[in-house]
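Computed from heavy atoms alone, side chains included, the values below leave out hydrogens, waters and symmetry copies. In what follows, chains are A, B, ... by sequence order, proteins preceding strands, each numbered from 1.
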2 protein chains.
Amino acid sequence: MREFKKKARILLVDDNSEHLRGIKELITLETNYDIVGTTTSANIGINLVKKYRPEIVIMDVNLPEKDGLQAIQEIEKLGLDTRILVLSGYDDSDLIFRAMKIGARGYVLKTMSSAQLVYAIDEILAGKFYLPSALSSRFFDYFQQSFREENEASSEENLLTYLTSREEEVLELLTQGNNYKGIAGKLFISETTVKTHVNNIFQKLQVNDRTQAVLYALNNGFGKKVRAKISA
Amino acid sequence: MREFKKKARILLVDDNSEHLRGIKELITLETNYDIVGTTTSANIGINLVKKYRPEIVIMDVNLPEKDGLQAIQEIEKLGLDTRILVLSGYDDSDLIFRAMKIGARGYVLKTMSSAQLVYAIDEILAGKFYLPSALSSRFFDYFQQSFREENEASSEENLLTYLTSREEEVLELLTQGNNYKGIAGKLFISETTVKTHVNNIFQKLQVNDRTQAVLYALNNGFGKKVRAKISA
DNA sequence: ATTGATTTAAATCTTTGGATTGAGAAAAAT
DNA sequence: ATTTTTCTCAATCCAAAGATTTAAATCAAT
């Protein structure tokens, strides 16, 4: 199977040089892929990506000098079609989630079998994403958890529903940082009218000032936008 | 294999009664699971969930009266350990994403093989999540896309980095809707000092008032919190 | 030791924001 | 047809916010 695939170039980044050698050997022996470089430094790794533009980077996430996640983000920022497979010693949900969030195409543990690593590489080369079953479950648990509060909150009574359409327009402009003059200008109404609307908004949202009104709006799904509360 | 599993109870919700019968027959013949009910109505389905508390609900998402997603959300709100497997005619990324977001444990297409449906049920009963490979890729593409803008934005020059630690504390309190007096009280400093800090914050963030400062903070990942911009 | 940044504070002044009352016109609902 | 919302506007009035200047104490760094 694998012998018939086109030669893909792979870059290895891992601070453990022993592990680095092990993986290099594994890939050289068991696959037809090219290892275009190996390094224990995230920064050197980023430069090697720029230089060789490998199809895949296998990246350890706990590196000494620079955080592996940060390195992933910088590689993603280059806008190449280099795909990143995270290799980690930790099956921490938050780590998995953050890695996938910033653009990793897969995440495997260092304790996995060599066959699984090769499978992950093949899947990613085929344009897919790869998470082992256990990590996939962790990811989705975390993913759903991060939306749980939000879903519950939005199911509560939302004071925004009491606003008239005009008041919604005014609030929309408030959430864009406009003052009375700005809103009046944009809606072609007088400043005092805007004041009236804003005061009515305060009443309905049970807040004391524009900042609180804006915060209420943003935290309660105003403008058909929903925001997830996810610790970074 | 399946014959040794404990009998799980399954509820089917699908507006197409032919399809309903087909799946019922499939599950009855090929598995050891119990079909505790079938219905073409989302509302009846929700009531059946309350009554029978099935291990799994297989739910069509395009129902006539009530939106399938809404039905999922209502079932999730019950807080039971009923798991939902979405059955859909559409492999739309947004639909998959939203279904998983609100609590679905799996998503399979109506065009799939019967073996795949049984596999999905088994995986979900085992506490896992199940997305077929193609849908998994769609999900992750959409997932990463929803964070893309945010990552790019936060990789720009972030004016928040110019703030001193004290200014960050003040800004934090501003983002909670406090006025000068409130901030002064919470930080045990005078109101005029708060004004000084706030004015410095305005300078550094290049804004004109507290609302704009708060908006800048929230949109630039202030307070180690990141907010995803995901259309609901 | 001296520079530079940070935190604290006050005084002053201008502008903006917020509360309240009253009221006319138009649109929607009953 | 007539209530009821909604949208509009004005005039106050007071409180809060924002701009500006000046300055002392603390702390970190060279």
[atom1] of [X] versus [atom2] of [N]: gap in Å, rounded?
X	N	atom1	atom2	value
B/K195	C/dG17	NZ	P	15 Å
A/Q203	C/dG17	CD	P	18 Å
A/I201	D/dT8	CD1	P	12 Å
A/Q212	C/dG17	CD	P	16 Å
B/F202	C/dT16	CZ	P	14 Å
B/L187	C/dT7	CG	P	11 Å
B/E169	C/dT6	CD	C1'	12 Å
B/D209	C/dG17	CG	C1'	10 Å

Open item on the list: Tell me whether B/R83 contacts the main-chain N or O of B/I124 through its side chain, where contact means a donor paired with an acceptor under 3.5 Å.
Closed with: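 Side chain of B/R83 to backbone of B/I124, a donor-acceptor pair under 3.5 Å: yes, one is there.
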Could you tell me which non-hydrogen atom of [X] sits nearest to which non-hydrogen atom of [Y], and how far apart they are?
X	Y	result
B/K204	B/T164	NZ-CG2, 3.7 Å
A/V108	A/L135	CA-CD1, 4.4 Å
B/I72	B/A104	CG2-N, 4.5 Å

- [ ] Establish, with yes or no, whether the OP1 or OP2 oxygen of D/dG18 is under 4.0 angstrom from a side-chain nitrogen or oxygen of B/N199.
- [x]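 No, outside the criterion.
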TODO: Kindly say if B/T192 contacts the phosphate of C/dT8, meaning a side-chain N or O under 4.0 Å from OP1 or OP2.
DONE: no
Open item on the list: Distance check, rounded to the nearest 0.5 Å: A/D14 atom CG versus A/S88 atom OG?
Closed with: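 Here the interatomic distance stands at 10.0 Å.
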Open item on the list: Under 4.0 Å, heavy atom to any atom of DNA chain D: which of residues 174-184 of chain A qualify?
Closed with: none
- [ ] Determine, for A/E74 against A/K77, whether the closest basic-nitrogen to carboxylate-oxygen distance falls under 4.0 angstrom.
- [x] no
Could you go through nucleotides 5-7 of chain D and list every protein N or O atom that sits under 3.5 Å from one of its N or O atoms, giving the distance for each pair?
from, atom 1, to, atom 2, distance (Å)
D/dC7, OP1, A/S165, OG, 3.3
D/dC7, OP1, A/R166, N, 3.2
D/dC7, OP2, A/T164, OG1, 2.3

Open item on the list: Can you see whether B/Y180 has B/R210 sitting over its ring - NZ or CZ less than 6.0 Å from the centre and within 45° of the normal?
Closed with: yes
TODO: Going by the ring-ring contact (aromatic ring centres under 6.0 Å, His included) test, name the single residue among A/F97, A/F147, A/F129, A/F140 that passes it with B/F143.
DONE: A/F97
Task: A/K110, NZ: over 12 other non-hydrogen atoms inside 6.0 angstrom - done: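 Correct, the count exceeds 12.
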